[in-house]
Amino acid sequence: MPAGRFCATIGLYRGEAMGWTTIKQIFSDHERLLNRELEVRGWIRTQRESKNFAFIELNDGSCFKNLQVVYGDSLPNFSAAVKYPLGSSLKVTGTLVPSPAAGQPFELKAEKIEVIGLSTLDYPLQKKRHTFEFLRTIPHLRPRTNTFMAVFRVRSLLAHAIHSFLQERGFVYVHTPIITGSDCEGAGQMFRVTTLDLRNPPRDEKNGIDFSQDFFGKETNLTVSGQLNVEGFCLAFNKVYTFGPTFRAENSNTQRHASEFWMIEPEIAFADLADNMQLAEDMLKFVIRYVLEKAPQEMEFFNRFIDTSLLPRLQHVLEAKFEHVTYTRAIELLQKADMAFNFTPQWGGDLQTEHERYLSEKIFQKPVFVTDYPKEIKAFYMRLNDDGRTVAAMDLLVPDVGEIIGGSQREERHDVLKRRIVEMGLKTEDYEWYLNLRKFGGAPHAGFGLGFERAVMYLTGMENIRDVIPYPRTPKSAEF
RNA sequence: UCCUCAGUAGCUCAAUCGGCAGAGCGGAUGGCUGUUAACCAUUAGGUUGGGGGUUCAAGUCCCUCCUGAGGAGCCA
């Protein structure tokens, strides 16, 4: 049968019960299922054959583990089956029996092996280790590998964990717009959204581009943050959050940056910076605990093959109280450090990556909140402290990943906020609606942004953001 | 965007001073009665990222472009 043709009868989806047994069910209920006749459906991960018998490692996606299928030359299609290429999808019926060999407690002794979809000999995934770089060239196939099946299951669980944590605490999920009409969100370069003919755009009287003829009648872009929008909902619902895609057109080429990524932005009213940090710490601990509980096989795999210090480190984070240090104190600690930095730590300057790493990995060796940065290096909406020089901002630095959370208490005083907008060289008319939130019953409020992919990296030990996004988008790369 | 490194068989890599382009894995063929990245034997497989240049001779040296990785900046 040629590849791409289907021959076996396809079962219908029947809700939770699929009409056949999943490998997950077999692993969780193998004592009851032993010596029973079962049907499974999955893909050949690997196959080993001898003269009169053969083994297939079958994975059906229901769980991390493979099911060993054993079959002999009593099957009429034995000689054909040993040549089914890796990746082929099968329907196997047989009896679950105890395995006589070490390596697996049980196996499926096949009585019938039917091809659902044959693969071909040029299937790119081989019975050997592949580099992540190579697997990035086949993002549509890499979920069929151990590592990526584990990564993307954890990614899914982590998303659920975040929703669970926030929903259980009464947070309202707000879908802030992805297309934004304001170019003033203040977080980097944006992707333009337009239906104008780029080869021949309409011109205005100054020979500029006439955006009044564009789809929305003005310039529009993809969002770089939902924060400003969600603040309006925060001052109605009190506890709110966004969780959606975010787009940055920065030409960033690092392991930690992507052009399209997901971000979680909780925002709480009648709250200050300390409440904000407590929320961040509780949330991070909750989701770590959740993923460890729901994906023990995957996490064990990461700890064994990706990062051997992963589980001890996560356990340590669960037990530790996160550190808190002011920016001013952090600069002092860095200046006293017995370490030759490429950039000398100096009050008023940004913390360099090397400084952040030194703080979280050497001095504290656990997650650390750095707070109260100089107002000049932070966004206009962050609340001005009483000293007049710093703002109520916080960054959470974690070992190995770096900045995973950035947040602040927001400036709730109308006059101070207006002054800060002017000081930062921004136009007050662009922020009229935002200032109005302070005018019509404002309240102290605070929030933060959690980079979802960075959290996935932190929980899995994966070092490159391109390996925790199904189809990553980075500069010069938007294939598939 | 800047700095550094890399690109050779399907994959992972080697090729000494510029001198016949190789190995392992994967594939094919055969063998093997319990394999676990199975094992043993045989075998096929190449526009050395693209373009240009130097040279009797270029995978190797020079120029240029493309792609990838690591670091920096920006940030989540």
Side-chain angles (χ1 to χ4, degrees), chain A residues 45-57 65-74 82-83 85-86 97-104 107 109 120-138 145-146 185-189 224-227 242-265 280 305 342-343 349-354 356-357 377-379 395-398 401-407 448-458 463-469 474-477 479:
Chain A
R45 274 292 178 83
T46 176
Q47 163 139 240
R48 298 175 286 274
E49 87 272 9
S50 277
K51 188 181 182 183
N52 303 317
F53 59 92
F55 300 96
I56 290 171
E57 297 272 337
K65 288 188 173 170
N66 303 324
L67 177 68
Q68 175 161 292
V69 174
V70 58
Y71 63 103
D73 57 4
S74 57
V82 297
K83 295 200 180 305
L86 304 193
V97 296
S99 180
Q104 58 285 317
E107 62 193 17
K109 190 167 168 47
T120 61
L121 290 173
D122 57 353
Y123 183 62
L125 297 172
Q126 302 177 358
K127 278 197 270 191
K128 58 172 277 189
R129 199 185 163 278
H130 288 292
T131 60
F132 290 152
E133 286 89 336
F134 171 68
L135 293 170
R136 273 171 220 151
T137 68
I138 47 168
T145 65
N146 284 334
E185 294 177 7
Q189 291 291 306
V224 294
S225 165
Q227 182 207 313
T242 72
F243 188 173
T246 307
F247 306 89
R248 304 266 168 100
E250 300 288 336
N251 192 6
S252 295
N253 291 287
T254 80
Q255 295 177 310
R256 311 195 310 281
H257 291 85
S259 311
E260 176 180 320
F261 63 98
W262 286 57
M263 192 157 62
I264 301 103
E265 297 167 296
F305 294 109
N342 290 322
F343 295 87
D350 277 313
L351 289 180
Q352 304 292 314
T353 298
E354 58 179 347
E356 295 185 345
R357 293 190 68 129
I377 60 174
K378 286 291 180 184
D395 284 354
L396 180 63
L397 312 178
V398 297
V401 171
E403 184 183 336
I404 197 171
I405 282 175
F448 62 84
L450 167 66
F452 182 58
E453 282 77 11
R454 291 189 183 175
V456 177
M457 291 165 73
Y458 189 58
E463 290 183 339
N464 196 310
I465 198 167
R466 301 170 184 98
D467 296 328
V468 301
I469 299 177
T474 52
K476 298 272 187 289
S477 176
E479 295 302 312

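Fair warning: this is a prediction, and the values are worked out from it, not measured in the lab. Lettering follows sequence order; numbering is per chain, from 1.
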Atom P, compared across B:G45 and B:C2: separation rounded to whole Å = 44 Å

request  = Return the value, rounded to whole Å, for the distance between atom CG of A:Leu351 and atom P of B:C75.
outcome  = 12 Å

message = Taking B:G50 as the reference, what is the distance to B:G7 when you measure between their C1' atoms (whole Å, please)?
response = 12 Å

message = Is the phosphate of B:U29 approached by A:Lys83 (side-chain N or O, under 4.0 Å from OP1 or OP2)?
response = yes

key: B:A69 versus B:U64 - spacing of their P atoms, nearest Å   = 23 Å

B:G51 to B:U67 separation - C1' atoms, rounded to the nearest Å = 15 Å

inquiry  = Between C1' on B:G71 and NE2 on A:His257, what's the gap in Å once rounded to a whole number?
reply    = 13 Å

ask   = Heavy atoms under 4.0 Å, any strand shown: does A:Phe53 hit a base, just sugar-phosphate, or nothing?
value = sugar-phosphate

request  = Rounded to whole angstrom, note down the P distance from B:U16 over to B:A6.
outcome  = 14 Å

ask   = For A:Phe452 and B:A76, are the ring centres under 5.5 Å apart with planes inclined under 30°?
value = no

query = What is the distance from CZ of A:Arg357 to P of B:G73, rounded to the nearest Å?
reply = 11 Å

task = Using atom CD of A:Gln126 as one end and atom C1' of B:A9 as the other, report the distance to the nearest whole Å.
result = 11 Å

inquiry  = Looking at B:G68, I'd like to know if its phosphate oxygens (OP1 or OP2) sit under 4.0 Å from a side-chain N or O belonging to A:Arg466.
reply    = no

task = Measure the distance from CD on A:Glu265 to P on B:A76 and round it to the nearest whole Å.
result = 9 Å

task = Select base, sugar-phosphate, or nothing to describe what A:Arg256 touches, counting heavy atoms under 4.0 Å on all strands.
result = base

query = Between the base of B:G34 and the side chain of A:Glu107, is there any donor-acceptor pair under 3.5 Å?
reply = yes

query = So what does A:Glu133 hit on the nucleic acid, given a heavy-atom distance under 4.0 Å: a base, only sugar-phosphate, or nothing?
reply = sugar-phosphate

task = Look at the side chain of A:Gln68 and the base of B:U35, then say whether one donor and one acceptor between them are separated by less than 3.5 Å.
result = yes

task = Under a 3.5 Å limit for both distances, which nucleotide forms a Watson-Crick or G-U wobble pair with B:G7, could you say?
result = B:C66

